[in-house]
Amino acid sequence: MKNRIWVLTLILALLSACGGEIPEPPPMVRQELLFLQQGFRQHGVEGIYTVYFAPTGEDRHQELLLKDPEGLFWEESFTCTWDEERDWYAFSDLFEPVLTQNPAWNRATEADGETAVFLASAVYRAELSADMDLGTPLRFHVPPGPVVYNRQWGGGKEAPDRMLFCLYLYQDPRLDFRAEIEYPQYAEYLVDFPNPEKVNERIREAFFYGYYDEDALHPEHRMRGSIVRNCAVTRADGKYLSLRISEDNVFMNAPHPNSWYTGLTMDLETGEVLTLRDILGPDQTVEDLLDSGAFRCEQVWEEGSDREAAERLQTEEARAYIRLDATEDFYLTEDSLGLIGQTGRYPFYMEAPLSALGLEDWAT
């Protein structure tokens, strides 16, 4: 199927169904197919797709359906304009979920009512793959594909002794997605550190997690959104490392932006991640901690005129979110225990002196 000439495969659907003669495709349709193909190449989309074109209006907004090799449909759209003097095309308002290959974006089969209506009204149909020879010169600027930066950098906060900060930056202008992750790492040359590779890998896992059933973050599956993750190193001595990690994200298909905190506390001698139960011991409970009255919230979302009452209410709500066997609901400082809670959809964290909780042994 390689190197076929697309002109031979382009079909005027309505005339073809009536046995009519297939006309020469207009130049704009040729450029639109070239544009789709450039996206296939940038994002590694494999296989042969069938592209269905809806009629365009005066605003040159083009809607399409792409049928993939498995028979599922992807809805796409963009605006294509033509500069007659320069004979040059411009593409904007891009919506191209097929480039993510994320199944959350695809349509149903032909049995779907909307899909059937679209196919019945389509005016052009063409086969397309990344390596197909389309036999026409490119007359538009190709938007850049994904760019990845991941290395030590000096633009962030100052790192504790024996640590450095790294920056991971993933940018895809075509899909309008950006991920910025600042994370700490121990220097690998340390000879007195038991297992820096194991510790560093566990730190990376805490920052590069995925959503839902994904074990790891796959930015190439995302579009029209942004993710920002960073942290505060709340403790970094010779025995323990503790981080309070924060995330802010926003996506086109989400009802609102999202923010949250997670914790990570590690025993540096073993390289193991600790749970809240490891800190409290076998007898103490979350209720015991919160009933102590020792915790103070760093953020109060519904403060009003009575901060103290709002803080008590917020602390009560946190009971449902803090788990003894979890690794991410707490963190340590030199002399405090931090707990991570939530009120409604708003995250917060609160701290209490270790001495007030009977946990003096965990202080430095």
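Taking each heavy atom of Y52 and K67 in turn, the nearest pair found is CE1-CB, 4.2 Å. Between P173 and G145, the shortest heavy-atom contact is CD-O, 4.0 Å. Across all their heavy atoms, A206 and I245 have their closest contact at CB-CD1, 3.8 Å.
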Worksheet entry | Trace of the salt bridge (Lys or Arg N to Asp or Glu O under 4.0 Å) decision for R312 with E308 | CA-CA 6 Å; R312 285 198 303 269; E308 187 174 338; 3.4 Å; yes
Practice prompt. Go through the steps for F35 and F140 under the test ring-ring contact (aromatic ring centres under 6.0 Å, His included), then give the verdict.
Written response: CA-CA 8 Å; F35 183 80; F140 55 84; 5.6 Å; yes
Discussion item. Go through it in stages, so that I can follow the logic: the residues are T364 and D237, the test is side chain to side chain donor-acceptor pair (under 3.5 Å), and I'd like the CA-CA distance, side-chain angles, deciding distance and then a yes or no.
Written reply: CA-CA 8 Å; T364 55; D237 51 40; 5.5 Å; no
Worksheet item: Would L359 and L337 satisfy side chain to side chain contact (heavy atoms under 4.5 Å, CB included), going step by step from the backbone distance to the final call?
Response: CA-CA 9 Å; L359 300 172; L337 173 67; 4.3 Å; yes
Worksheet item: Would K198 and E201 satisfy salt bridge (Lys or Arg N to Asp or Glu O under 4.0 Å), going step by step from the backbone distance to the final call?
Response: CA-CA 5 Å; K198 181 178 180 180; E201 179 59 30; over 6 Å; no
Practice prompt. Please step through side chain to side chain contact (heavy atoms under 4.5 Å, CB included) for the pair L289 and L339, ending with a clear verdict.
Written response: CA-CA 10 Å; L289 291 176; L339 297 178; 4.2 Å; yes
Discussion item. Run the side chain to side chain contact (heavy atoms under 4.5 Å, CB included) test on T50 and R125 for me, step by step, so that the C-alpha distance in whole Å, both residues' side-chain angles and the decisive distance to 0.1 Å come before the verdict.
Written reply: CA-CA 7 Å; T50 305; R125 183 175 76 231; 3.5 Å; yes
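In this structure, F95 has its ring center at least 6.0 angstrom away from the ring center of W74. The distance between the ring centers of Y168 and Y149 does not fall below 6.0 angstrom. In this structure, the ring of F118 has its center no less than 6.0 angstrom from the ring center of F73.
One hydrophobic cluster, built from ILVMFWY side chains closer than 4.5 Å, cannot hold both F295 and Y261; they sit in different ones. Linking Ile, Leu, Val, Met, Phe, Trp and Tyr residues whenever their side-chain heavy atoms come within less than 4.5 Å leaves L357 and I340 in two separate clusters. Linking Ile, Leu, Val, Met, Phe, Trp and Tyr whenever their side-chain heavy atoms come within less than 4.5 Å puts V233 and V199 in one cluster. Placement of W153 and Y186 within a single hydrophobic cluster is found when ILVMFWY residues are connected by side-chain heavy-atom separations under 4.5 Å, directly or transitively. Grouping the Ile, Leu, Val, Met, Phe, Trp and Tyr side chains by contacts below 4.5 angstrom, directly or via other members, places L164 apart from L241.
The side-chain hydrogen bond (donor to acceptor under 3.5 Å, both in side chains) check on T275 picks up D278, with sequence neighbours excluded. In this structure Q314 satisfies the side-chain hydrogen bond (donor to acceptor under 3.5 Å, both in side chains) test with no other residue, sequence neighbours excluded. Taking T100 as the reference, nothing meets the side-chain hydrogen bond (donor to acceptor under 3.5 Å, both in side chains) condition, with sequence neighbours excluded. Considering only residues two or more places apart in sequence or on other chains, F251 meets the ring pair (Phe, Tyr, Trp, His ring centres under 6.0 Å) condition with none of them.
A salt bridge links D291 with R319: the distance from a Lys NZ or Arg NE/NH1/NH2 to an Asp or Glu carboxylate oxygen falls below 4.0 Å. Between R178 and E180 there is a salt bridge, since a side-chain N of the basic residue sits under 4.0 Å from a carboxylate O of the acidic one. Ion pair E272/R202 not flagged as a salt bridge, since none of the NZ, NE, NH1 or NH2 atoms sits closer than 4.0 Å to an Asp/Glu carboxylate oxygen.
Taking OG1 of T343 as the reference point, atom CD of E311 lies at 12.0 Å (rounded to 0.5 Å). Once rounded to the nearest 0.5 Å, the distance linking OG1 of T327 with CG of L274 reads 9.5 Å. Here the straight-line distance linking atom OH of Y170 with atom CD1 of I181 works out to 12.0 Å at 0.5 Å rounding. Remark: R30 CZ to L34 CG distance equals 10.0 Å, nearest 0.5 Å. Atom CD1 of I322 is separated from atom CD of E317 by 11.5 Å, given to the nearest 0.5 angstrom.
For the residue pair Q284 and R277, no side-chain donor N or O sits within less than 3.5 Å of a side-chain acceptor on the partner. Residues Y183 and N200 bring no donor and acceptor atom of their side chains to less than 3.5 Å of each other. Under 3.5 Å, the side chains of D87 and W82 contain a donor-acceptor pair of N or O atoms.
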Distance-only donor-acceptor pairs under 3.5 Å for side chains of residues 220-230, two or more places apart:
residue, atom, partner, partner atom, Å
E220, OE2, H218, ND1, 3.4
R222, NH2, E214, OE1, 2.9
R224, NH2, L94, O, 2.7
R229, NE, Y209, OH, 3.4
R229, NE, E247, OE1, 2.5
R229, NH1, F207, O, 2.6
R229, NH1, Y209, O, 3.2
R229, NH2, Y209, O, 3.3
R229, NH2, Y211, OH, 3.4
R229, NH2, E247, OE1, 3.2
N230, OD1, S246, OG, 2.7

Show the atom names and distances, to 0.1 Å, of all donor-acceptor pairs under 3.5 Å that link a side chain in residues 346-355 to residues at least two apart or in another chain.
residue, atom, partner, partner atom, Å
Y349, OH, R244, NH2, 3.3
E351, OE2, Y331, OH, 2.7

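With a 6.0 Å radius and a threshold of 12 heavy atoms from other residues, nucleotides or ligands, D215 has its CG atom at or below the threshold. Other residues, nucleotides and ligands contribute over 12 non-hydrogen atoms within 6.0 Å of the CD atom of E287. Within a 6.0 Å radius of CD in E46, no more than 12 heavy atoms belonging to other residues, nucleotides or ligands are found.
The aromatic rings of W362 and Y240 sit tilted, their planes meeting at an angle between 30° and 60°.
A cation-pi contact, defined as under 6.0 Å to the ring centre and within 45° of the axis, is absent between R139 and F91.
Checking each of D288, L324, T285 against L280 for a side-chain contact (heavy atoms from CB on, under 4.5 Å) leaves exactly one that passes, namely L324.
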